[in-house]
Each structure stands twice: as C-alpha cells, then as structure tokens.
Amino acid sequence: MAVRDINGASPIIELEQVNKWYGQFHVLTDINLQVRQGEKIVICGPSGSGKSTLIRCINRLEEHQEGTIAVRVDGKRIELTNDVKNVEAIRKEVGMVFQSFNLFPHLTILDNLTLAPIWVKKLPKKEAEDVAMSLLRRVRIPEQAQKYPGQLSGGQQQRVAIARALCMRPQIMLFDEPTSALDPEMVKEVLDVMIELANEGMTMLVVTHEMGFARSVADRVIFMDRGEIVEQGPPKEFFANPRNERTRTFLSQIL
Ligand code: ADP
Ligand code: MG
C-alpha cells in the first residue's frame, strides 16, 4: 500500500523488496522504503550495516539485483533499470554529498560548482556562475570562489560539496555521513546548512550518527543492521522507546 502525500501525490522515492549482493555477500535484504516529498529521513546503524550501499543504490552508484527502486521525476514514476535514460533522469533529481567531500582538487571552487551545470545541463557559463555564486552565498563562503579545495578547511569544503550538489537543482539530497570526517568544531557549520535546506522543504536522506540533528530535523529515523531495516519511527518514539534489542544496543553505544 503506497504512502500518499497530503496532496495525494505518490512517494518521491519508493523501494520495494530491494535485495543486493556483493558477490556472495547479501548486503541489502528485502528493503522496503517510501519517502514522501519534503520528508527528512535519518538512517543510522552500525558500521557495515549497508547504509551507504542503500543510499548509493538510489542514484545508481551501486546496482541492486532484486526488487524495484523508483523515483518521481516531473510527476512521472521512473524505475531504475539498465536503461541509461532512466538513470540519467533520476540522477538529475538526486544530489549526493559524501563523507570525503569528493571535490576536484585541480579546479577552483567556482569551477567545481559550474562543471556539471555547464557540461551536463548545458547552461551558459555566465548563468552557471551566477547560480554557483548565489549558492556559495547560501553556504556562507562566497569569498572562497577563486580558491582551490586544498586551501579550504574541511567544513568549508563540505559546504562547497553541498553547494555543488545544489547547483543541479535536485529535488532530493542524499548525505552519506557528511560530518564524520570533520574536526568537531566544524560539524556545526555543516549541520546548520543542512538544517536550512531541510527548513526550505528539501527531501533528504541522511546517513549520520548526529543524533541531535536526527531529533530536531528528521521526520523519521531508520535503524539498519546487517542489511535490514530493523526499526523506524518518528525521532521522539525512536529514541524514547526503541522496540528492537539491536536498536537499543546501538543507541546505548552512541548516545
Ligand atoms: P555502512 O555504510 O553501513 O558502513 P556499507 O554499505 O558501506 O555499510 O557496507 C556494507 C557491507 O558491504 C560491509 O560489510 C562492506 O564491507 C561491504 N561492501 C561495501 N562495498 C563493497 C564492495 N564494493 N564490494 C564488496 N563488499 C562491499
Ligand atoms: Mg557508510
């Protein structure tokens, strides 16, 4: 039974009975997940539980072998198949931010931001630069535009990575432990940008162990263990009354 938006729309992301193996290793088992437009989901769970694999499957950085993954693009439900057109259509809607920033070290910040809009979206250079500068202002580092990634702090680089993803005007943002590689004093500046994005109504899937962020931003917290979604719920319930033993053990270790 499909979850519907308040306005009756079908889910923006839908995973049905998704299974994935790396060779013999069953990394994702019977994953069912429906995400409403504008929903913020935090995914947590032990290292190796399949969190990265799960979100990487949504933009086809990894391929699943069984089940269905579909994303709503311009009101149309598009399934991830081997059809390159479908993959491209979905990738345009899905921005991704990694733990390790993944900026191009030999390009300036501005060029990092305009590369995809110019080459993939065929935006004129001036227009791409205007968009890039407005996003750099939004993540509060417009003065860094002409520098190279190596000249920026980790927190600044991660904010550039977020701005770079936003340059493609995605409807959905995936974050894979965006603050895990940062020195503690830089975590907040990145979380603040993510909170702003959430408040603007972005659909977000965030793998993180920042439970403060989960409590204040998430509509739903999902706990994964050994390739399965073990438990999920609104943060209040999830943290106050974890039902599963594995969730309780995990939370007792990180809180
Ligand atoms: P998490 O993000 O929760 O730490 P991952 O999705 O990265 O977990 O990994 C889940 C499991 O799959 C781990 O046991 C990991 O070693 C394994 N794995 C991840 N990527 C690959 C790969 N490319 N080939 C084989 N095994 C992999
Ligand atoms: Mg991971």
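Each ligand, and each atom within it, is numbered from 1 in the order the structure gives.
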- Message: Main chain of Arg159, side chain of Arg140: is a donor-acceptor contact present, judged purely on distance under 3.5 Å?
- Response: no
- Item | Heavy-atom pair with the smallest gap, counting every atom of Thr108 and Gln146 |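 Smallest heavy-atom distance, with atoms named: CG2-O, 3.7 Å.
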All N/O donor-acceptor pairs, side-chain side in residues 95-102, below 3.5 Å, sequence neighbours left out:
residue: Ser100; atom: OG; partner: Asn102; partner atom: OD1; Å: 2.8

- Note on the structure: Chain-and-number sorted residues having a heavy-atom contact under 4.0 Å with ligand 1 are Tyr22, Phe25, Val27, Pro46, Ser47, Gly48, Ser49, Gly50, Lys51, Ser52, Thr53
Would you be so kind as to tabulate the donor-acceptor pairs closer than 3.5 Å made by side chains of residues 207-219, with sequence neighbours excluded?
residue: Thr208; atom: OG1; partner: Glu210; partner atom: N; Å: 3.0
residue: His209; atom: NE2; partner: Gly45; partner atom: O; Å: 3.1
residue: Ser216; atom: OG; partner: Gly212; partner atom: O; Å: 3.1
residue: Asp219; atom: OD2; partner: Lys40; partner atom: N; Å: 2.7

- Message: Below 30° counts as parallel, above 60° as perpendicular, anything between as tilted: where do the rings of Phe250 and Phe223 land?
- Response: tilted
- Tell me, which protein N/O/S atoms are under 2.8 Å away from the Mg ion (ligand 2)? Ser52 OG
- Item | Min side-chain heavy-atom separation Asn19-Gln65 under 4.5 Å | no
- Please assess Gln144 against Leu136 for the test side-chain contact (heavy atoms from CB on, under 4.5 Å), listing each intermediate value before the final yes or no. CA-CA 8 Å; Gln144 308 294 335; Leu136 283 178; over 6 Å; no
- Item | Inter-residue atom distance Met133.CE - Ile109.CD1, 0.5 Å rounding |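 The distance works out to 11.0 Å.
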- Arg72 and side-chain hydrogen bond (donor to acceptor under 3.5 Å, both in side chains): which partner among Gln171, Glu93, Glu14, Gln37? Gln37
